[in-house]
Chemist: 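Sharing a structure below in structure tokens format, with a few things to ask.
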Amino acid sequence: MEAQTQLNRYLRELGLPAMRECYAEVARQATQETLSYEQFLLELARREAVARGERRIERLRQESRLPHAKRLENFDGGRLSPKLRQQMAALRDGSFLDRNENVLAFGPPGSGKTHLVCGLCHALVEAGRHVLYTTSSLLVQELLIAKRELKLSAALKKLRRLEAVLIDDLGYVQQSREEMEVLFTLLADRYEAGSVLITSNLPFSQWEGIFKDPMTTAAAIDRLVHHSVILEMNLGSYRMEQAKQGSGRDGTRVPEETGPTDAPKAAPSTSNVT
Ligand code: ADP
Ligand code: MG
């Protein structure tokens with residue numbers, strides 16, 4: 001009993017919670033199965049390592065701020081074109097992060113851009129990658145606050161530690177020049193230093209609405225596109241499609257006039273960037 005109390009204390013001090021929790025059980029097992037001392041210790045070390053790995057992934061998941069439900073497991077990949085499926089298969093191994101490549105997903109609202117790219121990021125987190133989900137408006141607000149507090153470079157430095165920053169919904173026209181400027185500063189800062197994943201309803205031809213003047217717009221697009229994978233989601237709204245299928249079966253009415261045809265006409269032509 002005395003030995004157990006001491007052992008518990010040491011294991012706590014050494015930060016080995018999994019060992020502390022399971023040594024009694026593993027010791028019983030070792031006696032039953034006549035494990036050697038090395039095998040016993042190996043089993044304890046293995047359990048600690050597994051638990052530590054799980055805690056790390058859980059921490060990465062929380063820090064990523066990724067929406068929980070948007071995983072690839074509940075994404076219907078059947079809607080994707082063969083090209084998109086091929087691109088996703090290549091992206092999933094995460095090697096694009098090592099090359100600081102960007103991912104740009106374009107398509108009309110509801111086509112699944114956010115879900116697909118978040119799903120990809122969840123898979124990357126599970127592989128131990130350090131990513132952050134943010135929306136473009138939230139990001140701009142946070143950077144503006146940092147700038148006003150003269151902490152912009154510290155904020156950028158913190159973002160530089162991430163392997164990927166996912167900026168969801170780039171396109172909602174920024175209110176002021178200052179907002180556009182911090183966004184541009186971030187993109188410039190990450191250029192060839194870390195990956196950026198962007199979803200947008202707006203084709204490049206409309207990005208002047210975001211970056212205000214043609215020079216800045218061209219510079220932003222140039223940097224993003226230089227090393228990038230472009231996902232063209234030329235799909236209708238997933239929910240609209242589901243609802244329409246539903247209406248065939250149970251008679252639920254779907255308002256036709258709000259269909260995806262009202263959406264901005266899908267993706268930009270990539271012929272000039274590939
Ligand atoms: P976007 O970002 O292109 O506007 P979202 O990714 O937000 O679209 O998708 C809209 C809704 O439809 C979300 O609830 C999303 O989970 C769902 N959705 C879109 N595409 C799919 C899909 N292929 N499989 C499952 N759910 C989808
Ligand atoms: Mg979206």
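Model, not experiment: these values are computed from the prediction. Ligands are counted one by one from 1 in listed order, and the atoms in each one are counted from 1 as well.
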Chemist: Between Met233 and ligand 1, which residue portion shows a heavy-atom distance shorter than 4.0 Å: side chain, backbone, both, or neither?
Modeler: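 None of Met233 does.
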Chemist: With a 4.0 Å cut-off, would you call Arg161 and Glu63 a salt bridge?
Modeler: no
Chemist: Looking only at protein heavy atoms, identify the closest one to atom 7 (O) of ligand 1 and say how far it is in Å.
Modeler: Lys70 NZ, 3.4 Å
Chemist: Is Gly110 in polar range of ligand 1, meaning some N or O pair under 3.5 Å apart?
Modeler: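 There is such a contact, yes.
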Chemist: Hey, are Glu25 and Arg28 close enough for a salt bridge, meaning a charged N less than 4.0 Å from a carboxylate O?
Modeler: no
Chemist: Pair Glu241, Lys244 - check salt bridge (charged side-chain N to carboxylate O under 4.0 Å, His left out), show working.
Modeler: CA-CA 5 Å; Glu241 220 165 80; Lys244 276 183 181 154; over 6 Å; no
Chemist: Establish, from distance only, whether the side-chain atoms of His122 and Glu73 form a donor-acceptor pair under 3.5 Å.
Modeler: no
Chemist: Tell me which part of Phe75 gets within contact of ligand 1: side chain, backbone, both or neither, using heavy atoms under 4.0 Å.
Modeler: both
Chemist: What residue and atom, counting heavy atoms only, is the protein's closest point to atom 25 (C) of ligand 1, and at what distance?
Modeler: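 Of the protein heavy atoms, Tyr238 CZ, 3.3 Å lies nearest.
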Chemist: Please check if the distance between the ring centroids of Phe40 and Tyr23 is under 6.0 Å.
Modeler: no
Chemist: Is the shortest distance from a Lys or Arg side-chain nitrogen in Asp98 or Arg129 to a carboxylate oxygen in the other one below 4.0 Å?
Modeler: yes
Chemist: Where do Arg190 and Leu159 come nearest, in terms of heavy atoms and distance?
Modeler: NH1-O, 2.8 Å
Chemist: Check ligand 1 against Pro108 and write out every atom of the ligand that is under 4.0 Å from a heavy-atom position of the residue.
Modeler: 3 (O)
Chemist: When you measure from atom 8 (O) of ligand 1 to every protein heavy atom, which one gives the shortest distance, and what is it?
Modeler: Gly112 N, 3.1 Å
Chemist: Please state which part of Arg79 comes within less than 4.0 Å of ligand 1, counting heavy atoms only: side chain, backbone, both or neither.
Modeler: side chain
Chemist: Could you identify the single nearest non-hydrogen protein atom to atom 2 (O) of ligand 1 and state the distance to 0.1 Å?
Modeler: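 Minimum-distance protein heavy atom for atom 2 (O) of ligand 1 reads Thr114 OG1, 2.7 Å.
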Chemist: Would you mind running through ligand 1 and noting each atom that sits below 4.0 Å from a heavy atom of Asn74?
Modeler: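 Numbered from 1, ligand 1 contributes 25 (C).
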Chemist: Are Glu181 and Arg177 ion-paired here, with the side-chain N under 4.0 Å from a carboxylate O?
Modeler: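 Looking at Arg177 together with Glu181, the answer is yes, because their closest N to O distance falls below 4.0 Å.
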Chemist: Give me the residue, atom name and distance of the protein heavy atom closest to atom 3 (O) of ligand 1.
Modeler: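 For atom 3 (O) of ligand 1, the nearest protein heavy atom comes out as Lys113 NZ, 2.7 Å.
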Chemist: Quick one: nearest non-hydrogen protein atom to atom 24 (N) of ligand 1, plus distance?
Modeler: Asp76 N, 2.7 Å
Chemist: Polar contacts were defined as any N/O atom of the residue lying under 3.5 Å from an N/O atom of the ligand; does this apply to Arg239 and ligand 1?
Modeler: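 Right, the criterion is met.
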Chemist: Does the distance from a Lys or Arg side-chain N to an Asp or Glu carboxylate O, for Glu43 and Arg46, drop under 4.0 Å?
Modeler: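 Yes, this pair counts.
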Chemist: Which residue and atom name correspond to the protein heavy atom nearest atom 6 (O) of ligand 1, and how close is it?
Modeler: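 Scanning the protein heavy atoms, the shortest distance from atom 6 (O) of ligand 1 goes to His115 N, 2.8 Å.
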Chemist: To the nearest 0.5 Å, what is the distance between CG (Leu80) and CE (Met233)?
Modeler: 6.0 Å
Chemist: Looking only at side chains, do Asn74 and His115 share a donor and an acceptor under 3.5 Å apart?
Modeler: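 Yes.
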Chemist: Out of Thr135, Thr114, Thr134, which residue meets the side chain to side chain donor-acceptor pair (under 3.5 Å) rule with Asp168?
Modeler: Thr114
Chemist: If the plane angle is over 60° it's perpendicular, under 30° parallel, otherwise tilted; pick one for Phe204 and Phe106.
Modeler: perpendicular
Chemist: How many protein atoms of type N/O/S are positioned less than 2.8 Å from the Mg ion (ligand 2)?
Modeler: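 Of the protein's nitrogen, oxygen and sulfur atoms, 1 lie under 2.8 Å from the Mg ion (ligand 2).
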Chemist: Using a 4.0 Å cut-off to any heavy atom of Pro109, which atoms of ligand 1 qualify?
Modeler: 4 (O)
